[in-house]
Undergrad: 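The structure follows.
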Amino acid sequence: MRDVTNVVIIGGGPGGYEAALVAAHLGGNVTIVEEAGVGGSAVLTDVVPSKGLIAVADVMTRIRKATKLGLVPADASRTSLLDGVRVDAVAMNERLLKLAAQQSADIQARLNEEGIRTIRGKGRLDGTEHVIAITPDGVEERLSADITLVATGTRPRDLADARPDGERILNWKQMYNLAEMPRKLIVVGSGVTGAEFASAYHALRCEVVLVSSRRMVLPSQDSDAARVIQDVFEARGMEILSQARAIAARRTEDGVIVTLEDGREVEGSHVLMAVGSIPNTEDLGLEEAGIELTPSGHIQVDGVSRTSARGVYAAGDVTGVYPLASVAAMQGRNAMYHSLGDAVAPLNPRHISANVFTSPEIATVGVTQDQLDSDLVRGRAIMMQLHSNARAKMQDLNHGFVKVFCSPSGVIIGGVVVAPGASELIHSLALAVRRRLTVDHMAQAFTVYPSLSGTVAEAARRLHGHGGDEGISY
Ligand SMILES: Cc1cc2nc3c(=O)[nH]c(=O)nc-3n(C[C@H](O)[C@H](O)[C@H](O)COP(=O)(O)OP(=O)(O)OC[C@H]3O[C@@H](n4cnc5c(N)ncnc54)[C@H](O)[C@@H]3O)c2cc1C
Ligand SMILES: NC(=O)c1ccc[n+]([C@@H]2O[C@H](COP(=O)([O-])OP(=O)(O)OC[C@H]3O[C@@H](n4cnc5c(N)ncnc54)[C@H](O)[C@@H]3O)[C@@H](O)[C@H]2O)c1
C-alpha cells in the first residue's frame, strides 16, 4: 500500500469542497474536478445570491413596517417611506453576483492554501479507481483514485413547453441577469425555492402571482407554518393560484403568458420556473462502475456516504438525501472520515436543522408534527404564538410561533420556529435535539429579557412534568 492516498472529487460544491478540506487535513493527496467554479451551485447561483437577495428584501420589509412604528417621511408630500425607495435592479444584481464570485474566490484560496489541486473541467469515472478530467479546451487527464467522491449536485427541472430563455422565462439561476425589476412576476412552484423568490420579489414591490400546485404553499413544511406564510402572502397582496399547475409558458411582445392545466392563462412580464431539480448523474460512468441509483435517479448512499461500488462515495444533492448545503457538507466530510479511517457517526436526519427564508422565516429541526400526529413517533407538542412575547410586541411582530416536541419522558426531539430570524432561534433547539436535552434543561437556562428566545424557554417550561404520552396540546 502507498503512503499517500489519492482522493479525487468530482464537483466542487459544499459536498465536494468540504470533503476536500477534511481529506487534505487527514493527509490525502486531493484533486477536485469542477466544471463551473468552486463553491458549486450553492455559492455561485443558488444559496449565496438568493440569500443576498433576501437580505435586500428584508430591508424593504422593515421600511414598509416602519410607518406603524411612528417613522414617517420628512417630506409631507409623501404618504409612505417606501415612496422614496426604488430598487436599482442592475446595481442589486451586480452586487449579488459579485458576492457569489468573491465567496467562490475565497474558497478557492483556502483550497490552494491546503495544497488541494483543482482542475477546471468535466469529470467522469473510469471504473472505480480512475477519474477522467476533460478541460474546456479538450485536454484530457486520467487521474488515479484510491478514493473517489461524486458530488455533482442537481440542476433545475424544465417543463417541455416552458423552457427558460434567460430573458422572460427564467429559472432561479437566471434571475440575477435581470436589468430591470419585473413589472409582474409569475412564480411557478410553491416549494422552498418558489416561496422564497415570491416572498423576496413581493417585498421588493413587484406584483407577484404564485402558481401553487397544492392547496397550500410549502407542502413539505409544517402545515401550521405553511398556513402562516400563505396568510401573510395573501394579506400583503400577493395573488396565490392554489391547486393550479402550469403546463406552458410563452413569450408575448413585452411579457409572458403562462397556461395552466385547467385552461386558464396568466399574463405577466416575467415567469420564474421553480418546479424542482434533477440530479446530475449522466455521463459520469456510474453504471459501468457498478453504482446503483435510487428510483428517483439519485445515487444510492448509506449513512457514511458509501455507494454500492467499493472506494466510491457520493455526497450532496446528487444523493437526494436532504438537499441542503449543510447536509451536503456533512455527507462529504463523513465520506472522508470513513474512507481515511477516522471516527465517524452516520448522518442522522433527525438532527438536521433547516430554514425557509421567507418573511417570516420557518426553521425546523428533528421530528415533525406529521410524525407525531400519525403516531410514527410518540411524544407531546406545544405551540406558542409569538404575539404575546414582549420583544415581538416591541418589533410589531404579529405572525409567528414556536413549537417544541418532546418524548414522553421530556427529551426534546424537535421543534419549529416561525419568526423573522428563525434561522438563528432554531439553534438552541437543534443543540437540545443533538444532545438529548430535556424540556427542563431548556427551561432552566436563562434567556435574555426581552427576547424571542424567551418563548422557546416558555414552551419548554409548559411541557414540564407531563409524564406519559398525552398526545398533542396546543
Ligand atoms: C434557490 C436555492 C436556494 C437554496 N438555498 C439554500 C439555503 O439557504 N441553505 C441551504 O442549506 N441550502 C440551500 N439550497 C440547497 C443547496 O443549494 C444545495 O443543497 C447545495 O448546493 C448542494 O451542494 P452540492 O455540493 O451537492 O452541489 P452543488 O452546490 O450543486 O455543486 C455541484 C457542483 O458539481 C459540478 N459538476 C456537476 N457535474 C460535474 C462534472 N461532471 N464534472 C465536474 N463538475 C461537475 C457543478 O458545476 C457544481 O458546481 C438552495 C437551493 C436553491 C435551488
Ligand atoms: N432555504 C433553503 O434551505 C432552501 C431554499 C431553496 C431550496 N432548498 C432545497 O431545495 C429543495 C428543492 O426545493 P424546490 O422548491 O426547488 O423544489 P421542490 O421540488 O421542493 O418544489 C417544487 C414545487 O413545484 C411544484 N410543481 C411542480 N410542477 C409544477 C407545475 N407544473 N406547476 C406548478 N407547480 C409545480 C411541486 O409540486 C413542488 O411543490 C428543497 O427541498 C430544499 O431542501 C433549500
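Heavy-atom basis, side chains included; hydrogens, waters and symmetry copies ignored. Keep in mind that this is a model prediction, so the values were computed, not measured. Both ligands and their constituent atoms are indexed starting at 1 by order of listing.
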Undergrad: For atom 26 (N) of ligand 2, what is the closest protein heavy atom, and at what distance to 0.1 Å?
TA: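 Checking every protein heavy atom, the shortest distance to atom 26 (N) of ligand 2 gives V275 CG1, 4.0 Å.
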
Undergrad: Just go through V47, I9, V192 and tell me whose heavy atom is the nearest to atom 14 (N) of ligand 1.
TA: V47

Undergrad: With respect to atom 22 (C) of ligand 2, which of A274, S212, A354, P323 exhibits the smallest heavy-atom separation?
TA: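 The residue whose heavy atom sits nearest atom 22 (C) of ligand 2 is A274.
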
Undergrad: Based purely on interatomic distance, does E196 place a nitrogen or oxygen under 3.5 Å from a nitrogen or oxygen of ligand 1?
TA: no

Undergrad: With a cut-off of 4.0 Å, which atoms of ligand 1 are near a heavy atom of G40?
TA: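 Near G40, meaning under 4.0 Å from one of its heavy atoms, ligand 1 has 29 (O), 31 (O), 48 (C), 49 (O).
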
Undergrad: Under 4.0 Å, heavy-atom basis, I'd like to know which part of S50 is in contact with ligand 1: side chain, backbone, both or neither.
TA: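 The answer is the side chain of S50.
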
Undergrad: Output yes when a protein non-hydrogen atom is found under 4.0 Å of atom 33 (C) of ligand 2, and no otherwise.
TA: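 Under 4.0 Å from atom 33 (C) of ligand 2, at least one protein heavy atom found.
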
Undergrad: Of all residues at least two apart in sequence or in a different chain, which pass the side-chain contact (heavy atoms from CB on, under 4.5 Å) check with Q230?
TA: M216, V217, R227, E234, I240, S242

Undergrad: Judged by non-hydrogen atoms, does E261 sit under 4.0 Å from ligand 2?
TA: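 For ligand 2, residue contact (heavy atoms, under 4.0 Å) with E261 is absent.
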
Undergrad: For residues 316-329, tabulate all N or O donor-acceptor pairs below 3.5 Å that involve a side-chain atom, not counting sequence neighbours.
TA:
unit_1 : atom_1 : unit_2 : atom_2 : d
T319   : OG1    : G316   : O      : 2.7
T319   : OG1    : V321   : N      : 3.4
T319   : OG1    : Q331   : NE2    : 3.2

Undergrad: Return yes or no for this condition: an N or O of V318 is under 3.5 Å from an N or O of ligand 1.
TA: no

Undergrad: Near I10, which atoms of ligand 1 are under 4.0 Å from a heavy atom of that residue?
TA: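 Within the 4.0 Å cut-off of I10, ligand 1 contributes 40 (C), 42 (N), 43 (C).
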
Undergrad: So, regarding F357 and ligand 2 (criterion: nitrogen or oxygen to nitrogen or oxygen, under 3.5 Å), is there a contact or not?
TA: no

Undergrad: Side chain, backbone, both or neither: which applies to R124 and ligand 1 if a contact is any heavy-atom pair less than 4.0 Å apart?
TA: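 The answer is neither; R124 stays 4.0 Å or more away.
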
Undergrad: Would you indicate whether the side-chain heavy atoms of R251 and I169 approach each other to under 4.5 Å?
TA: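 SC-SC contact between I169 and R251 confirmed.
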
Undergrad: What atoms in ligand 1 come closer than 4.0 Å to a heavy atom of A151?
TA: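 In order of number, 32 (C), 33 (C), 34 (O).
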
Undergrad: Distance under 4.0 Å to a non-hydrogen atom of G316: what atoms of ligand 1 satisfy this?
TA: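 Answer, ordered by atom number: 26 (O).
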
Undergrad: Considering only NZ, NE, NH1 and NH2 on the basic side and carboxylate oxygens on the acidic side, decide whether K98 and E94 come within less than 4.0 Å.
TA: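 No, K98 and E94 are not salt-bridged.
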
Undergrad: Please compare E35, E34, E18 and report which has the shortest non-hydrogen distance to atom 35 (C) of ligand 1.
TA: E34

Undergrad: In terms of residue, atom name and distance, what is the protein heavy atom nearest to atom 51 (C) of ligand 1?
TA: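 Ranking protein heavy atoms by distance from atom 51 (C) of ligand 1, first comes D46 CB, 3.9 Å.
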
Undergrad: Say whether S220 and ligand 2 are in contact under the criterion: heavy-atom distance to a ligand atom below 4.0 Å.
TA: no

Undergrad: Judging by distance only, is a nitrogen or oxygen of R157 under 3.5 angstrom from one on ligand 2?
TA: yes

Undergrad: For ligand 1, does L284 get within less than 4.0 Å through its side chain, its backbone, both, or neither, judged by non-hydrogen atoms?
TA: side chain

